[in-house]
Amino acid sequence: MEPRAPLVPAKGALSIWRFPVAEALESQIDLTALPKEERLARMRHSAAHVLAEAMLELFPDAELGIGPPIDTGFYYDFRLPRALVPDDLVWLEERMRGSLAGRHPFVMSALTKDEAARRWAGQPFKLDLLADLEEGAVTQCTHAGFTDLCRGGHVAHTGEIPASFKLTSIAAAYWRGSEKNPQLQRVYGALFETAEELDAFERQLEEARRRDHRRIGRDLKLYDLFDEVGPGHVVWLPAGATIRRELERWIEDLELDRGYQHVRTPVVAKSELYKRSGHWDHYQEAMYPIMEREGEEYVLRPMNCPHHIMVFESELHSYREMPIRIAELGNMHRWEKSGQVSGMSRVRIMTLNDAHIFCTGIEQAESEVEGVLQLMEEVYGVLGLKNYRYRLSLGDPSDTTKYVHNPPMWEKGEALLRRVLQRARLPFHEAVGEAAFYGPKIDVQFQTAAGKDETLVTIQVDFHLPNQFGLEFVGEDGERHQPIIVHRGILSTMERMVALLIEEYEGNFPLWLAPTQAVVIPIADRHVEYAREVAAQLKSHRLRVEVDARNERMNGKIRDAQLRKIPYMLVVGDREAEAGAAAVRVRGGGDLGAVPVVEIAAELRRQRDEKSLMLWNHPAQ
RNA sequence: GCCGACGUAGCUCAGUGGUAGAGCAGCUGUUUCGUAAACAGCAGGUCGUCGGUUCGAAUCCGACCGUCGGCUCCA
C-alpha cells in the first residue's frame with residue numbers, strides 16, 4: 001500500500017500568514033513571481049476581506065473577528081444580530097463575485113495606536129487585537145470602501161482573487177479559541193487557484209464521506225449505537241467483534257514475545273485510588289460520576305495506570321526482575337462532553353491496548369521507549385498504515401492547573417524522549433501543552449479520512465505516579481529505589497483503531513481481518529451440498545467461510561458478496577463439483593477460474609498467516 | 001459543554017395543517033440460473049420523547065433526548 005496523502009488537510013492549520021510591515025505596505029505585488037503557497041495565502045486572505053465586505057452589507061452592525069487563510073481556503077469570524085442560514089451564504093457569495101468583478105485595489109495604510117483606537121472604537125474584537133500590537137506595527141487595509149484592521153498579505157486588487165471559490169459552511173467558533181470568550185459565527189470558504197483544483201477538493205470531500213467509518217460500519221454491520229445504551233457506548237456486532245478479536249490476539253502475542261505479562265484488573269475502583277494517583281485533581285470532569293453505596297465512593301476507571309501500579313505493588317521487586325512490563329486490554333470510561341462523541345473514533349467507554357513498564361532508572365526507561373517505538377513500527381508496517389507523524393508532547397510550565405508542578409521531573413522526561421527520537425532518526429515536531437498531566441509523551445499522530453489529526457500511539461515517561469504511590473524496588477546496592485514508569489499504547493483503543501482501519505481500507509479488510517473471508521456460491525440448488533463440503537473443508541483450516549444458499553441467482557449473490565466486501569467468492573457448479581474445485585473470484589478483481597479446493601485452502605491460509613495486504617495477486621483494496 | 005442544522009419502516013429518502021408513502025432489506029411462493037440486482041405477493045411506522053396551539057398536528061410552538069457540522073477538549 002502506498003502512503004496516502006491526507007484526503008482533506010486539517011481545517012485549523014494556518015498557512016504562511018506573516019508579512020513584515022514594510023512588505024505589507026507594498027501594493028505592487030507580482031503574484032506570478034511568488035511561491036504557490038504564498039500566492040494562495042494572499043488570494044485566500046483577500047477573499048476573506050471580500051467576504052467581510054459583503055457581510056457588512058448584509059449586517060451593517062456586524063462585529064468583525066479575524067479572517068485568515070487556511071489550507072483549503074479561508075474563514076472569517078463575525079458577531080451578528082442573528083444566526084446565519086444557508087441562503088445567506090448564497091447571497092454573500094453572489095456579492096463577493098460582484099466585488100471580484102469590480103477589480104478594487106487593496107490599499108494598505110499605517111496608523112498610530114491612538115488613531116486605530118478611535119477608528120475601531122465600535123469593533124470590540126478589533127480593539128482586543130489592537131491591544132496586542134506594538135506602536136508602529138498597526139496597519140489597515142481598504143478595498144471598495146471596506147476597511148479592515150489587518151497586517152496585510154493581499155493580492156493587488158479583487159480581480160486577482162480567482163473565481164474558483166465557494167462558501168462552504170457556517171460554524172461556531174470562540175473568540176481567540178477560548179471557550180471563556182464569546183462565541184462568534186464563522187463562515188468557511190474553499191478557494192483554489194483553478195476550477196480544477198476546487199473540483200478535486202470537492203471530490204476529496206466526497207471520497208472522505210465514502211470512507212467514513214460510521215457509514216461503512218453500518219453497511220458492513222460492524223457495530224451499532226443505541227439511544228438507550230447511551231452515546232459513545234459502542235455495541236460491537238459479530239463482524240466488528242471478529243476484527244477486534246483478530247487484532248487483540250495478534251497484539252497480545254506480539255507482547256508476549258517481548259516479555260510483557262498480561263493482567264486483568266477491575267474497571268471500578270474506590271475514588272481513593274484516583275485521589276492518590278492525582279487523577280482526581282486533574283481529570284475528574286472527564287470521569288463518570290461517583291457511585292456511592294454503604295458509605296463508600298466508587299468510580300469507573302478513566303485510566304488503567306493505578307491498577308497496574310497495584311500489580312507492581314503486590315510484592316517487593318528486585319532490580320533483577322526489571323523492567324517489568326504489565327499489559328492489559330483495559331476498559332476505560334471517560335465522560336466526553338456530549339458535543340464531541342462521534343462514531344467509534346470518539347467514545348465514552350473504550351478498550352486500550354495498554355501497558356506500564358516499570359524501569360530501574362533513566363537508562364532502562366530509555367531503552368524501553370526505544371523498544372516500544374520498534375514494536376510500534378512493526379505493528380503499523382503490518383497494518384499498512386504509513387500516514388503518521390511523531391509528536392513530542394510537552395507540558396506547559398505556565399499552566400499550573402493542568403500539569404503537576406515539578407520542573408526537574410519534566411525536564412528529565414522531555415530530555416529522555418527527545419534523545420530517543422533523535423537517536424532513532426525519526427522526524428518529529430514538538431508541541432507545548434499536549435502532555436499528560438503527569439508527564440511528557442511521544443504521540444504518533446494519524447490523519448483520518450476526514451482530515452482530522454488523531455493520536456493512536458502514545459508513549460509516556462512518568463516520574464510522578466511512582467512518587468505518588470511511593471513505589472520501590474530493591475537495587476543492586478541492597479537499598480530501596482524509586483522506579484520510573486513508561487506508559488504506552490500501541491494499537492490505541494480498539495474503537496479508534498478499528499475506526500481508522502475501516503477508513504484506511506475503505507471497508508476492504510485484508511484477509512486476516514475480514515469478518516467473512518470467503519463465501520461459497522452454489523450456482524443452482526443441486527450444488528448446495530457440494531458448496532457445504534467446500535466450506536467445511538476451508539473451515540477445518542479455521543477460515544471464516546459462509547455458504548450463500550439463498551434462493552437467488554448467482555449474479556445476485558456475487559453482487560451481495562461484493563457489497564459486503566468479502567475477499568473471495570467461490571463459485572461452484574457442475575464443473576467444479578466434478579473436479580473438486582471452485583471458481584475463485586477476487587473482491588474487486590475478476591474470475592480466476594477453477595482452482596482445486598486444497599489449493600484454495602493453502603493459498604488463503606498463507607495470506608491469512610502472513611497478514612498479507614494482497615489478495616491473490618490483487619491489492620486488498 | 002457552546003452555536004447551528006437535522007430526527008418519518010432495519011437502511012436511503014418523499015410527504016408543510018385534513019385517513020402515513022417509495023426503493024432496498026425482510027418473509028412467502030414461482031424460477032434452478034456460469035461472474036455486480038430474476039419475477040410475484042405479503043408484512044412492516046402511536047412520524048425521536050413529552051407537553052402546548054388547533055375541530056384536526058408527521059407538518060406550527062416549547063422543553064428534553066439523540067445525530068450531524070463546527071468550536072473547545074481528547075485515546
Side-chain angles (χ1 to χ4, degrees), chain A residues 11-12 75 77 80 82-86 168-188 212 214-215 218-219 221 224-232 283 285-286 302-303 332 334-343 345-348 350-354 402 433-434 436 441 443-446 450 452-458 487 489 491-497 499-500 521-528 551-563 569-576 583-594:
Chain A
K11 255 190 170 178
Y75 68 77
D77 289 344
L80 304 172
R82 68 160 167 85
L84 290 171
V85 295
T168 52
S169 58
I170 304 158
Y174 297 106
W175 172 241
R176 293 197 171 208
S178 167
E179 60 187 335
K180 295 185 185 79
N181 289 335
Q183 202 165 48
L184 309 179
Q185 295 192 65
R186 175 173 295 178
V187 176
Y188 277 107
D212 193 318
R214 292 169 298 193
R215 194 182 73 76
R218 173 173 293 288
D219 287 351
K221 302 180 184 172
D224 207 350
L225 292 161
F226 301 84
D227 285 6
E228 58 271 53
V229 177
Y283 218 76
E285 81 294 344
M303 288 181 181
M332 314 189 302
R334 299 184 179 178
W335 192 263
E336 299 294 342
K337 292 190 234 167
S338 55
Q340 43 217 28
V341 174
S342 170
S345 58
R346 195 72 184 273
V347 300
R348 283 185 175 156
M350 67 209 95
T351 304
L352 184 69
N353 166 224
D354 207 357
K402 196 171 167 190
E434 295 287 354
K441 50 184 185 161
D443 290 319
V444 188
Q445 300 298 111
F446 285 73
K452 285 190 178 164
D453 228 21
E454 275 182 349
T455 303
L456 269 83
V457 183
T458 180
H487 303 238
L491 279 184
S492 179
T493 63
M494 302 318 291
E495 289 75 13
R496 183 167 282 186
M497 172 49 65
L500 186 85
I521 298 177
I523 289 175
D525 284 352
R526 66 177 181 281
H527 307 120
V528 169
N551 182 13
E552 286 290 335
R553 291 168 67 222
M554 180 199 64
N555 276 343
K557 293 178 184 181
I558 286 175
R559 181 185 147 85
D560 289 344
Q562 287 283 2
L563 292 176
M569 285 142 274
L570 306 175
V571 179
V572 295
D574 292 331
R575 298 199 295 268
E576 288 76 17
V584 177
R585 182 189 165 106
V586 187
R587 174 183 68 200
D591 180 10
L592 298 184

Open item on the list: Does the structure show a Watson-Crick or G-U wobble partner for A5(B), both distances under 3.5 Å? Name it, or say none.
Closed with: U67(B)
TODO: Please list, chain by chain and in numerical order, all residues satisfying side chain to side chain donor-acceptor pair (under 3.5 Å) with Q185(A), sequence neighbours excluded.
DONE: none
TODO: Tell me the partner of U53(B), counting only Watson-Crick (N1-N3 plus N6-O4 or O6-N4) or G-U wobble (N1-O2 and O6-N3) with both under 3.5 Å; none if nothing fits.
DONE: none
Task: Listed partners of E179(A) passing salt bridge (Lys or Arg N to Asp or Glu O under 4.0 Å), at least two apart - done: K337(A)
Open item on the list: Could you identify the nucleotide paired to U28(B), looking across every strand shown and requiring Watson-Crick or G-U wobble geometry with both distances under 3.5 Å?
Closed with: A40(B)
Open item on the list: Could you tell me the Watson-Crick or G-U partner of A14(B), where both distances fall under 3.5 Å? Say none if there is no partner.
Closed with: none
Task: Watson-Crick/G-U partner (both atom distances under 3.5 Å) of A58(B) - done: none
- [ ] Quick one: list whatever passes side chain to side chain donor-acceptor pair (under 3.5 Å) with D574(A), sequence neighbours left out.
- [x] R526(A), H527(A)
Task: Pair assignment for U72(B), Watson-Crick or G-U wobble, requiring both distances under 3.5 Å - done: none
- [ ] Encode nucleotides 35-41 of chain B as B, S and - characters from 5' to 3', where the letter depends on protein heavy atoms closer than 4.0 Å: B to the base, S only to sugar-phosphate, - to neither.
- [x] BBBB---
Enumerate all atom pairs, one protein N or O and one N or O from nucleotides 58-67 of chain B, separated by less than 3.5 Å.
unit_1: G66(B); atom_1: O2'; unit_2: D227(A); atom_2: OD1; d: 3.1

Open item on the list: Short of 4.0 Å, heavy atom to strand atom, which residues of residues 175-183 of chain A count as contacting RNA chain B?
Closed with: G177(A), E179(A), Q183(A)
